[in-house]
There are 2 protein chains.
Amino acid sequence: MAAQACPISPVVDIVFSRWTTPILWTLHELGRQRFVELQRRIETITPKVLTQRLRQLERDGLVVRTYHPSVPPRVEYEISELGLSLAPLFAQLAHWAEAHLGEVDRARSSYDAAGRPLSS
Amino acid sequence: MAAQACPISPVVDIVFSRWTTPILWTLHELGRQRFVELQRRIETITPKVLTQRLRQLERDGLVVRTYHPSVPPRVEYEISELGLSLAPLFAQLAHWAEAHLGEVDRARSSYDAAGRPLSS
DNA sequence: CGGGATCCGATAGGATACTG
DNA sequence: CAGTATCCTATCGGATCCCG
């Protein structure tokens, strides 16, 4: 479902699909966590969607799921080795954000200010 | 529409929303291009969606649109200065892809091979 | 607790025209 | 050429209930 002629599309689909960044970020910052903890951290996500995304991340090898058979059951999620290899990438992303997000905001303001005459 | 507790979500929304990577990549690799050229390069995108994404990228200041009033009209798109600042990020992404995409594939295979007993 | 099952509405995005 | 307009579908994601 990606777009050709772009070698990074596959990675983007894997790493930057919906909700994956908050999940990976949370796991990276706060370490191993249980399902409810993740749900509370991310706040706006529903259990259903969280499960979907966690399964996908687990399948892609970015996250490790550990099941503890007990009563009540306990399941913990943590970043895998492979997931950790994304850290520098995320760091650079954060750096870009800090450096250039203001410019984006300004660009938007000026774009919205000029009432797009669709030419010129 | 982003998720809290994750400082890079805003950037992801801007840079890695659907179709933006192929568009930015194409413009970056092949330089200034007209609408149809982009459409042909990306192949699977429809004119409507291409317009939407280009407008968004233009609004965010990542792409510059130049309108040449002539018959037939000519419109050209190119990466902006701000868009160019993403280059190292894309390079690192490509690098990560080359280094780790194989592991993702293997993880998927092994996940699919084991018929998920949902415990263990 | 950690989900799965089901229903359901919103919306992104494809297909197919048509125009300045 | 560079889009816009219209229609229509598919997928996403929210809400709710339930189960081991």
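Basis for what follows: all heavy atoms, side chains included, without hydrogens, waters or symmetry-related copies. By convention in this document, chain letters (A, B, ...) are assigned in the order of the sequence lines, proteins followed by strands, and residues within each chain are numbered from 1.
The phosphate of dA2(D) (OP1 or OP2) has a side-chain N or O of R34(B) nearer than 4.0 angstrom. Contact annotation: R65(B) side-chain N/O to dG3(D) OP1/OP2 distance is under 4.0 Å. OP1 or OP2 of dG13(D) has at least one side-chain nitrogen or oxygen of R18(A) nearer than 4.0 Å. Side-chain nitrogen and oxygen atoms of R55(A) include none within less than 4.0 Å of the OP1 or OP2 phosphate oxygen of dG2(C). Contact annotation: Y77(B) side-chain N/O to dG3(D) OP1/OP2 distance is under 4.0 Å.
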Check the pair R32(B) / E76(B) against salt bridge (Lys or Arg N to Asp or Glu O under 4.0 Å), numbers first and verdict last.
-> CA-CA 6 Å; R32(B) 161 184 308 191; E76(B) 293 183 314; 3.5 Å; yes
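The side chain of T46(A) approaches dA15(D) more closely than any other nucleotide in the set dA2(D), dG2(C), dA15(D). You'll find that the side chain of T51(A) is closest to dG4(C), out of dC1(D), dG4(C), dG3(D). Of the candidate nucleotides dG3(D), dC1(D), dA15(C), dA15(C) has the atom nearest to the side chain of K48(B).
Atom-to-atom, CD of Q39(A) to P of dA15(D) comes out at 12 Å; the value is rounded to the nearest Å. Protein atom NE2 of H68(A) is 14 Å distant from nucleotide atom C1' of dC1(C), rounded to whole Å. Residue Y67(A) contributes atom OH, which lies 10 Å from atom C1' of dC1(C) at whole-angstrom precision. Between the P atom of dG2(C) and the CD1 atom of I42(A) lies a distance of 14 Å, rounded to the nearest Å. Rounded to whole Å, the distance from CZ on F35(A) to P on dG20(D) is 18 Å. The CD-C1' distance, from E43(A) to dG14(D), rounds to 17 Å in whole Å. Atom CD1 in I45(B) sits roughly 12 Å away from atom C1' in dA12(C) (whole-Å rounding). In this entry the distance linking CD of Q33(B) with C1' of dC1(D) reads 15 Å, nearest Å.
Nearer the 5' end of DNA chain C, as judged by each residue's closest nucleotide, is the contact made by Q52(A), out of Q52(A) and P73(B).
Ring orientation note: the planes of W25(B) and F90(B) are close to parallel, at an angle under 30° on the 30°/60° scale.
For the side chain to side chain contact (heavy atoms under 4.5 Å, CB included) test with I79(A), the passing option among L62(A), L84(A), V64(A) is L84(A); the others fail.
Separation of atoms CD1 (I45(A)) and CD1 (I23(A)) is listed at 4.5 Å; rounding is to 0.5 Å.
Side-chain N/O atoms of T26(B) and E37(B) include no donor and acceptor closer than 3.5 Å.
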